[in-house]
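Below is one structure, written out as structure tokens, with a few remarks after it.
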There are 2 protein chains.
Amino acid sequence: MARTTGSDGEKTEAAIREAAVELIARYGYEAVSMRQLAAEVGVQVAALYRYFPTKEELLFTLMREHMNALLETWNDARPTKSDPMARLIAYVANHIAFHIERRPSTHISNMELRSLSPERLTQILKLRTAYEKELRAILRDGSDDGSFDIDDTGLTAMALIQMMTGVIVWFRPGERLSVEGVTETYLSMTMRLVGATMSREQDNVHTRAQLRA
Amino acid sequence: MARTTGSDGEKTEAAIREAAVELIARYGYEAVSMRQLAAEVGVQVAALYRYFPTKEELLFTLMREHMNALLETWNDARPTKSDPMARLIAYVANHIAFHIERRPSTHISNMELRSLSPERLTQILKLRTAYEKELRAILRDGSDDGSFDIDDTGLTAMALIQMMTGVIVWFRPGERLSVEGVTETYLSMTMRLVGATMSREQDNVHTRAQLRA
DNA sequence: GAAATAATAAAACGAACGTTCAATTAATTC
DNA sequence: GAATTAATTGAACGTTCGTTTTATTATTTC
């Protein structure tokens, strides 16, 4: 046999990507073989190499697109000309929504960095740094204009991101908490962490208004 | 050749453990081969199997001892008959000190869980849950007696642990911050997160007193 | 100092790995 | 409808993997 009826390059490539994300997120990059991936897609191993020249290139593609998507959704969600508080709320809400929605690829981008070649690793880290820089800028602005009370903006940014991304470790959709509920709780914790000058009541009101928008 | 002069089972086993921790933390469990490990120890591959029947058993041993050490240091450090605030301070200080001190094995215990068989995974998760349970108990007690103001103790505990463990991602000893400095900042953030009823001045004073003790 | 045991070396096992190549068929082009 | 291109198969390449077996030497026991 050779080319199969109804075969389509675009569809096959998409199927490979999707299967790869699921498999690598579940078993880890090193533990997933090209044969296993091919079997999952329902195709022969050699077919994979039509779309990705090496296994590492496939991993890199998945990570790069994940990071690009993250930066893109933030670019779409970011408020222009807003006070630091509103920007921070938008950042947190976007971050949590994105990471809950894309749990498998987030897992990969967090766990499989060491399987990248130095050059590719640098590229991914650049994207990640760019994203984190956005949060640091918000914290600095808020610290400058008195909206926040922060000891160390760099350290606080790292702590916040660690805390927020950690949501994917335990959150399962459709269980005790909804995405909105989780977001609200994390927003509340964030505001405390940055020493935002407001009562918790105000906080919740503000939060809900932003989420509805 | 066979047995080498000066060879000693205990020393060899310790050397294997140490080399394994370093290699697996750096390259990942799946990426490290028994041959690579043997070369690092300066021994033939077959010698490894005198001490660990399989590669997975070696990984499991490293993880189990890491978790046991974590629970032990907390057992030694935990204050008896103290208010929730003092207990929380002790927990955070112990957690951060431990994780900075044992960065490689922490990395392994966080990243390589999926390489364990279901039974072994369960054992490790039990230890982890026991450790996290301690924090939840502190938060609950503090919430009950009014020391803390917490929405959701379970969620706050997870957020705190994520935030604190994240220190190993960016912290490098001997750089900008000392262990004490990091601990103090994280303690400050923790107290804000749990809505501890005290000013920041009081907080810092309290913190420093505890750290000296 | 002989006997027993502990520690390691050396070599090999079959299986699985990422990757490549040639052949073959489906779809498209003109 | 023939020629061309796109998509895939099937088989194979050399390498590396975790693990085992057997032999050999150092150390300990008595």
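Note that the structure is predicted; figures quoted are calculated from it, not measured. Letters A, B, ... mirror the listed sequences (proteins, then strands); counts begin at 1.
Near-neighbour residues of DNA chain D inside residues 16-25 of chain B, defined by a heavy atom below 4.0 Å, are absent. At a non-hydrogen distance threshold of 4.0 Å, A:Arg35, A:Val43, A:Gln44, A:Ala46, A:Ala47 from residues 26-48 of chain A come into contact with DNA chain D.
Between A:Pro104 and A:Val21, the shortest heavy-atom distance links the atoms CB-CG1, 3.6 Å. In terms of heavy-atom proximity, A:Val194 sits nearest to B:Arg192 at C-NH1, 3.5 Å. Nearest heavy atoms, A:Arg26 versus B:Arg114: O-CD, 3.7 Å.
Less than 6.0 angstrom separates the ring centroid of B:Trp74 from the ring centroid of B:Tyr91.
Rounded to whole angstrom, the span from the CG atom of B:Leu58 across to the P atom of D:dT19 amounts to 10 Å. When the P atom of D:dT8 is taken as reference, atom NZ of A:Lys11 falls 11 Å away, rounded to whole Å.
Residues in residues 163-194 of chain B take part in no ring-ring contact (aromatic ring centres under 6.0 Å, His included) pair, two or more places apart or across chains.
Nearest nucleotide to the side chain of A:Arg50, out of D:dT8, D:dT19, C:dG18: D:dT8. Here the nucleotide nearest the side chain of A:Lys55, chosen from C:dT19, D:dT8, C:dA6, is C:dT19.
For B:Glu119 and B:Ser117, the side-chain atoms include at least one donor-acceptor pair closer than 3.5 Å.
Applying the 4.0 Å criterion to OP1 and OP2 of C:dT8, one finds that B:Thr12 has a side-chain N or O inside that range. For B:Tyr51 and C:dT8, the shortest distance from a side-chain N or O to OP1 or OP2 is below 4.0 Å.
One finds the CD atom of B:Gln36 at 10.0 Å from the CD1 atom of B:Ile24 (value rounded to the nearest 0.5 Å).
Proximity of A:Arg64 to A:Arg120: side-chain heavy atoms (C-beta onward) are nowhere separated by under 4.5 Å.
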